[in-house]
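Here's the structure we're looking at; comments come further down.
Chain A is the first sequence line, chain B the second, and so forth, proteins listed ahead of strands; every chain is numbered from 1. In this text, all values refer to a predicted model and were calculated from it rather than measured experimentally.
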Amino acid sequence: MPIPGGIAERARAAATGGSQYLNDLNPEQREAVEALDGAVLVLAGAGTGKTRVLTTRIAHILSLGRARPSEILAVTFTNKAAREMKERVGHMVGQIVEGMPWLGTFHAIGVKILRRHAEMVGLKPDFTILDVDDQIRLIKQILDAEGIDEKRWPARVLAMLIDGWKNRGLTPTQVPAGEGASFANGKGRKLYAAFQERLKTLNAADFGDLLLENIRLFREQPEVLAQYQQRFKFILVDEYQDTNVAQYLWLRLLGQSQGGVQKNICCVGDDDQSIYGWRGAEVDNILRFDHDFPGAKVVRLERNYRSTGHILACASQLIAHNQGRLGKTLRTEDVLGEKVQVTSAWDSEEEARSIGDEIEEAQRGGHKLEQIAILVRASFQMREFEDRFVTLGLPYRVIGGPRFYERAEIRDALAYLRVIHSPTDDLAFERIVNVPKRGLGDASLQCLHDHARKKRVSLTEAARAVVETDELKPKARGALRDLNASFVRWRKLNETLPHNELAEVVLDESGYTDMWQKDRSADAAGRLENLKELVRSMQDFENLAGFLEHISLVMDTDKGEGVDSVSIMTLHAAKGLEFDTVFLTGWEEGLFPHQRALDDQGRAGLEEERRLAHVGITRARKHARIYFATNRRIHGMWTTTVPSRFLDELPEAHVEVKEAQGAFGGAGYGGSRFDETGAFGSSYTTPGWQRAQRNKQDIASRGGGFGENSAPRYVPDGVLDDPGVDEAGAAFAEGSGGQAGQKPDSLARHSAKRGGGRRSPVTIEGELVGKSTGVSSFAVGDRVFHQKFGNGNVAAVDGNKLTIAFDHAGEKRVVDSFVERA
DNA sequence: CGGAGCGGGATTTTT
DNA sequence: TCCCGCTCCG
């Protein structure tokens with residue numbers, strides 16, 4: 001019975017007068033909320049109000065008094081999702097729901113249960129949870145103990161195997177004999193067992209164990225399982241398409257029917273948004289739902305409240321190419337809106353430049369940067385955009401990883417430089433006074449602060465004075481004296497040494513680089529890399545003052561959450577988010593779909609990539625802009641790329657083909673069906689295009705892929721010949737003939753540029769060869785500045801092409817429009 | 001302990 | 001191609 005004045009009570013009160021919250025739902029949503037009994041699968045397409053259904057359902061259960069808050073099990077994947085759900089339920093019910101102890105992530109709830117019964121699985125209630133690093137280190141020890149050559153059989157490989165087994169709910173004895181054989185001559189299983197034993201000795205569990213041990217507990221202790229089965233009157237699962245086998249087994253145990261009556265379990269998800277297969281998620285779980293839970297009710301949410309018509313049409317048509325799906329048809333009552341724009345760029349640099357321009361234009365038109373996102377397939381693509389935006393002074397934010405200048409190590413390094421440059425910068429001084437550790441802790445800092453306040457001087461000044469007194473302990477006093485001396489020395493060096501070299505000296509002499517080199521944590525290497533990158537980027541500036549000013553300007557503009565800024569993130573990180581304008585970048589074979597997904601997973605991999613594309617497109621409310629570059633640096637080598645097959649899968653009637661408006665002409669759709677509309681098919685004579693054509697043919701005849709002969713190769717025949725693709729192609733040709741308006745217009749613009757006789761120039765690292773000639777306004781000896789190479793002197797002039805001796809980058813040939821007078 | 005020399009790898013990421 | 005991580009050696 002509900003506690004008087006408790007959440008359930010309040011919820012019921014809030015719902016009086018005909019359940020207003022139900023009236024706000026559309027019929028399908030309402031059906032999903034009201035179907036409380038038995039097993040229910042809610043197939044919620046992108047933007048159809050999934051979270052709303054989930055939260056309303058909880059409120060509904062509470063308001064009907066069907067269960068107390070503590071009798072509802074609601075699981076999510078991320079803490080963020082759990083937090084949001086808590087908030088939203090609390091909002092609906094009138095207050096924050098402290099009373100829902102079983103709303104949380106799979107892992108959080110798993111730990112909670114496990115701690116209560118730790119002894120039953122050989123642990124103590126206070127067991128520690130190992131992170132990936134500890135896990136690897138432990139496995140290394142085990143390999144060592146077993147005398148296994150870690151070179152042939154790397155610890156990380158075994159860690160992945162074990163993770164995989166745990167994801168599939170397999171204990172060492174359950175691992176199929178054949179699978180254990182794949183590591184260290186059949187020792188895989190034995191090593192897994194040894195690892196588990198070692199964990200128990202250490203009273204520790206890794207992430208996989210949190211669920212695996214739960215399953216073991218439930219299986220071996222039926223009375224414990226029964227206790228939880230009785231407790232949880234309702235089970236709700238978010239993002240069901242992302243569950244792995246272990247999570248599925250766990251849910252099955254808790255939600256299995258009792259006495260012939262199916263327990264109340266409601267899973268919400270979208271098979272079309274399953275993008276975590278590589279980390280153990282089983283799309284099959286959602287595809288098989290009505291098989292696992294016989295008599296399950298399936299509710300489809302297909303009414304999309306997010307995107308305009310053209311965007312939704314593209315997303316739907318694209319995902320329709322997948323075979324393994326339950327099938328939903330998203331629809332909207334919104335206007336058709338803007339077509340999805342597909343733009344080609346010469347290379348990734350032009351892609352970034354072009355998108356930067358588009359964003360600036362949108363911004364001039366009053367578009368909020370907050371409502372713009374750039375989505376990439378892989379994080380290495382981000383650098384180019386960050387670089388460009390820093391140059392433009394365009395505020396941006398990297399989601400799912402700190403931005404370059406915000407990373408701790410960069411800020412520390414900058415703090416050193418700031419103190420050198422302006423000794424009164426107390427914040428900077430405070431930041432690094434004990435980084436790396438030099439025995440100047442809180443007490444010393446307090447002393448400095450007191451001194452500074454009393455004498456009204458800077459901390460640097462105070463430090464100078466304090467070492468002359470005996471206020472500090474000898475050890476701290478010595479350390480501070482050393483630091484003071486270092487800063488004096490560095491300031492002197494700053495007068496003679498180039499500032500980037502100074503930075504190297506400072507980072508070394510301060511012991512800062514050392515600190516990270518000695519650091520064993522996983523990201524230490526990345527941090528050192530970032531520091532190197534920082535030093536390199538300093539070359540682009542005249543002196544320390546100029547550099548610091550630039551940085552502080554950049555930092556100022558993106559400081560704080562409140563600043564209007566563009567979001568840059570991976571497609572994975574974008575799931576669940578939405579923006580007015582979305583730029584989808586790098587739609588090239590090999591990058592997207594990613595070659596590795598194809599190689600490792602074949603058709604399943606391709607379908608997951610396609611779902612990723614679907615997730616990407618459906619993030620956009622009003623404007624979806626797809627980009628691909630014709631050339632991209634892959635593994636350090638410039639490679640001519642082929643446009644993504646996903647482009648050919650978009651419905652032509654909903655797409656507008658454009659061309660990057662950078663300094664180079666776009667290279668067009670080399671080898672894509674988009675060329676075969678006849679509008680400019682024969683005008684492609686550039687070497688790049690022909691190379692692309694050859695590549696595409698090669699790929700088709702070879703059976704796909706970039707590599708030469710890596711063994712398990714994905715054969716795309718089934719895909720290229722897929723009837724769906726042909727339909728798309730046909731629809732495209734038809735559409736382009738019948739659409740006299742927008743399409744030919746954009747094509748005309750495209751071909752006009754082509755026909756203008758300009759050939760696509762070849763770019764290498766900002767060098768440009770073969771652009772139309774003209775007379776340069778620069779003369780030999782001029783001092784110039786280049787965005788990428790920094791300052792230099794003009795050594796020779798040839799038309800508009802300059803040979804410049806850069807101060808740091810050596811001699812380069814560059815087109816004059818790329819430099820400005822220094 | 002640190003630097004040179006080498007081989008292998010090079011997506012996506014939450015807990 | 002480039003960068004990491006490991007090994008080997010002084």
Side-chain angles (χ1 to χ4, degrees), chain A residues 75-83 104-112 114 129-136 140 149-152 154-157 160 163 166-167 205-212 214 238-239 242-244 246-247 250 273-281 375-383 399-401 508 513-514 516-518 520 522-530 532-533 536 569-576 586 588 590-601 605 608-609 611-613 615-616 632-639 706-707 710 764-765:
Chain A
V75 278
T76 63
F77 274 85
T78 63
N79 289 313
K80 189 175 161 229
R83 217 181 309 124
T105 63
F106 276 100
H107 294 271
I109 290 169
V111 176
K112 194 166 180 169
L114 208 55
I129 299 164
L130 298 188
D131 63 25
V132 184
D133 235 42
D134 302 322
Q135 202 188 350
I136 301 268
K140 266 186 189 154
D149 180 11
E150 221 233 284
K151 223 172 179 177
R152 273 194 72 190
R156 27 180 328 112
V157 171
M160 270 174 48
D163 266 352
K166 288 183 175 178
N167 282 158
D206 65 13
F207 281 112
D209 284 338
L210 300 182
L211 276 164
L212 186 68
N214 246 272
D238 191 17
E239 306 279 16
D242 288 338
T243 50
N244 61 33
Q247 286 154 342
W250 186 80
Q273 290 187 68
S274 162
I275 55 174
Y276 285 109
W278 49 274
R279 133 186 136 179
L375 308 187
V376 298
R377 176 63 182 82
S379 41
F380 76 82
Q381 293 171 259
M382 291 181 182
R383 173 65 59 79
I399 310 289
D508 285 342
T513 315
D514 247 49
W516 286 116
Q517 266 159 0
K518 288 194 184 108
R520 299 280 160 135
D523 53 5
R527 291 172 192 275
L528 286 166
E529 167 61 26
N530 291 336
K532 259 194 237 164
E533 179 66 29
R536 215 181 316 155
M569 68 190 94
T570 63
L571 285 160
H572 284 89
K575 199 173 93 167
E588 298 133 36
L591 179 60
F592 190 42
H594 200 282
Q595 191 55 46
R596 187 125 176 213
L598 266 37
D599 286 344
D600 296 354
Q601 307 285 333
E608 182 153 315
E609 295 287 296
R611 290 193 290 268
L612 207 44
V615 166
R632 191 176 291 275
R633 214 175 165 154
I634 299 167
H635 306 328
M637 251 173 40
W638 281 101
T639 316
F706 274 58
S710 48
I764 299 152
E765 282 284 346

- Item | Same-atom distance (C1') from B:dT12 to C:dG5, integer angstrom |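 Result for the C1' pair: 23 Å, nearest Å.
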
- Task: For B:dT14 versus C:dC3, give the span between their P atoms, rounded off to a whole number of Å.
- Result: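 Going atom to atom, P in each nucleotide, I get 26 Å.
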
- Message: Would you call the rings of A:H107 and A:F207 parallel, tilted or perpendicular, taking 30° and 60° as the class edges?
- Response: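 Aromatic pair A:H107/A:F207 classed perpendicular.
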
Given [options], identify the nucleotide with an atom nearest to the side chain of [X].
| X | options | result |
| --- | --- | --- |
| A:H635 | C:dC2, B:dT15, B:dA10 | B:dA10 |
| A:F207 | B:dT11, B:dT15, B:dT13 | B:dT15 |
| A:H572 | B:dT12, C:dT1, B:dT11 | B:dT12 |
| A:R596 | B:dT14, B:dT12, B:dT11 | B:dT11 |

- Message: B:dT12, OP1 or OP2 - any side-chain N/O from A:S379 closer than 4.0 Å?
- Response: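 It does, given that an N or O in the side chain of A:S379 lies less than 4.0 Å from OP1 or OP2 of B:dT12.
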
- Task: Please determine if a side-chain N or O atom of A:T105 lies less than 4.0 Å away from the OP1 or OP2 oxygen of B:dT14.
- Result: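 A:T105 to B:dT14 OP1/OP2: no side-chain N or O under 4.0 Å.
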
Using whole Å, report how far [atom1] of [X] lies from [atom2] of [N].
| X | N | atom1 | atom2 | result |
| --- | --- | --- | --- | --- |
| A:K575 | B:dT11 | NZ | C1' | 17 Å |
| A:D206 | B:dT14 | CG | P | 17 Å |
| A:F77 | B:dT13 | CZ | P | 16 Å |
| A:L571 | B:dT14 | CG | P | 14 Å |
| A:N244 | B:dT15 | CG | C1' | 11 Å |

- Task: Identify whether a stacking contact exists between A:H594 and B:dT11, where the ring centres must be under 5.5 Å apart and the planes under 30° apart.
- Result: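 A:H594 ring centre within cut-off of B:dT11 base, planes near parallel; stacks.
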
- With a centroid cutoff of 5.5 Å and a plane-angle limit of 30°, would you call A:W278 stacked on B:dT12?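 Yes, the aromatic ring of A:W278 stacks with the base.
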
- Task: Look up atom CZ in A:F106 and atom CD in A:E239, then write down how far apart they are to the nearest 0.5 Å.
- Result: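 Going from the CZ atom of A:F106 to the CD atom of A:E239 covers 10.5 Å.
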
- First locate atom OG1 of A:T76, then atom CD1 of A:I109, and finally report the distance between them rounded to the nearest 0.5 Å.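 Answer for the OG1-CD1 pair, A:T76 versus A:I109, is 7.5 Å.
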
- Message: Atom NZ of residue position A:K80 - does it have more than 12 heavy atoms of other residues, nucleotides or ligands inside 6.0 Å?
- Response: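 Result for NZ/A:K80: open.
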
